Amino acid sequence: MIAALLFFAVQAADPAAAAPGAETAAPSPVADQDLREFAAIDGRKVAGRPTGGPYANPDKILLLTRDGKGYPAVMASLAFPARQSLPAPPPRTLAVVRLHQRMETIIPGPTADDLAFVAANRLPLFVIGEWARPAPMWEVAWVDGGVRFRTVGDVGEIGPWQD
C-alpha cells in the first residue's frame with residue numbers, strides 16, 4: 001500500500017514522469033557528482049524542519065530526478081514511517097535521500113534497511129542524520145558487486161568507500 005501511495009504522490013507531482021510504459025534508461029548505481037552535490041545541499045536544507053501527517057517522528061524522503069534541462073531536481077518529498085524498509089522507487093528516480101530523525105545504529109551511519117534498499121534496487125541512497133548539526137551524510141551505492149557507503153561532506157566532497 002505504501003508503494004502505491006508513493007507512486008500516486010509522484011504521479012500527482014509530475015504525471016508525465018510516472019506514465020506507465022514510458023521508456024527510461026536504468027539509473028547509475030553510483031550518483032553523478034552534480035546529483036551528489038544537490039543532495040548534500042538541498043537534502044540538508046530539509047534537516048530539522050517539521051513534518052505533518054499521521055506518523056510520529058517520520059523519516060523524510062526526497063526522490064531525486066533531472067528536470068527538462070538536465071539539472072537535478074526533487075521529484076517528490078514524503079514523510080515515511082521510521083524503521084521501515086523503503087519500497088521500490090517510481091520510474092525516473094535517479095537517487096533517494098532519506099533523513100533519519102534518530103540515530104539507530106551504534107556507530108553513526110546507514111541502517112540495515114538502507115543497505116537492503118540499495119541491494120534490492122541498485123539505486124544510490126543518501127542518508128542524512130538529523131540528530132546532529134551539521135547533519136552527517138552518507139552515500140550508499142552498489143559498487144563492485146556489493147553495497148558500500150561513504151561519507152559526504154557539506155558541499156558534496158566524498159570519503160573512501162566502506163563495507
Side-chain angles (χ1 to χ4, degrees), residues 2-3 6-7 9-10 24-49 51 55-67 70-163:
I2 292 175
L6 184 64
F7 178 78
V10 171
T24 58
S28 170
V30 178
D32 295 334
Q33 180 178 349
D34 64 335
L35 203 58
R36 183 181 315 107
E37 291 168 354
F38 181 82
I41 295 168
D42 262 28
R44 285 189 173 109
K45 287 181 184 177
V46 178
R49 290 188 184 167
T51 58
Y55 305 119
N57 298 319
D59 288 348
K60 297 169 193 152
I61 308 297
L62 303 175
L63 302 178
L64 303 182
T65 189
R66 293 195 183 276
D67 63 14
Y71 297 112
V74 175
M75 179 175 19
S77 175
L78 312 157
F80 197 79
R83 299 184 184 152
Q84 277 195 10
S85 298
L86 294 175
R92 287 193 51 208
T93 303
L94 298 178
V96 177
V97 179
R98 185 174 193 172
L99 291 96
H100 290 291
Q101 290 195 17
R102 295 194 173 121
M103 183 170 50
E104 298 177 14
T105 57
I106 295 176
I107 299 173
T111 65
D113 285 338
D114 298 331
L115 302 175
F117 171 81
V118 172
N121 297 291
R122 308 283 199 279
L123 194 69
L125 173 68
F126 296 99
V127 177
I128 299 175
E130 292 193 83
W131 60 82
R133 294 294 179 270
M137 181 174 170
W138 297 269
E139 177 182 9
V140 186
W142 185 262
V143 178
D144 298 331
V147 177
R148 306 240 187 320
F149 64 93
R150 61 184 174 187
T151 58
V152 179
D154 291 340
V155 290
E157 64 275 10
I158 53 176
W161 288 111
Q162 302 172 38
D163 289 328

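Here the structure is a predicted model, which means the values were calculated and not measured.
From L62, atom CG reaches atom CG of L99 across 6.0 Å, with rounding to the nearest 0.5 Å. Rounding to the nearest 0.5 Å gives a distance of 13.0 Å between CG of L78 and NZ of K60. Here the CD atom belonging to Q33 is positioned 10.5 Å from the CD atom belonging to E157, to the nearest 0.5 angstrom. Annotation: the span from E37 atom CD to I158 atom CD1 amounts to 10.0 Å, rounded to 0.5 Å. Within the model, atoms CG of L115 and CG of D163 stand 10.5 Å from one another, a figure rounded to the nearest 0.5 Å. Interatomic distance, L86 CG to D59 CG, rounded to the nearest 0.5 Å: 7.5 Å.
Taking every heavy atom of both residues into account, A141 and V30 meet most closely at CB-CG2, 4.0 Å. The heavy-atom pair separating F149 from V140 by the smallest distance is CB-CG2, 4.0 Å. Here the shortest heavy-atom pairing between R122 and W142 reads NE-CE2, 3.2 Å. Across all non-hydrogen atoms, the minimal contact from D113 to Q84 is OD2-C, 3.8 Å. Smallest separation of non-hydrogen atoms from R98 and I61: CG-CD1, 3.5 Å.
Using a 4.5 Å cut-off on side-chain heavy atoms (C-beta onward), L64 and V96 make no contact. At least one side-chain heavy atom of P87 sits under 4.5 Å from a side-chain heavy atom of F80. Side-chain contact between D34 and R66: present, with at least one pair of heavy atoms (C-beta onward) separated by less than 4.5 Å. For the pair S77 and V46, the minimum side-chain heavy-atom distance is 4.5 Å or more. Within the 4.5 Å cutoff, no side-chain heavy atoms of P124 are placed close to those of L35. Here the side chains of D154 and R44 are in contact, with some heavy-atom distance below 4.5 Å.
Judged purely by atom type and a 3.5 angstrom limit, D42 has no side-chain atom pairing as donor or acceptor with the backbone of F38. Checked by atom type and distance alone, the side chain of R36 pairs as donor or acceptor with a backbone atom of A31 at under 3.5 Å. A donor-acceptor pair under 3.5 Å is absent between the side-chain atoms of T93 and the main chain of L63, judged by distance alone. Proximity of a side-chain donor or acceptor of E130 to a complementary backbone N or O of A135 within less than 3.5 Å is not detected.
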After noting the C-alpha distance and the side-chain angles of E139 and W161, does the key distance pass the side-chain contact (heavy atoms from CB on, under 4.5 Å) rule? CA-CA 9 Å; E139 177 182 9; W161 288 111; 4.0 Å; yes
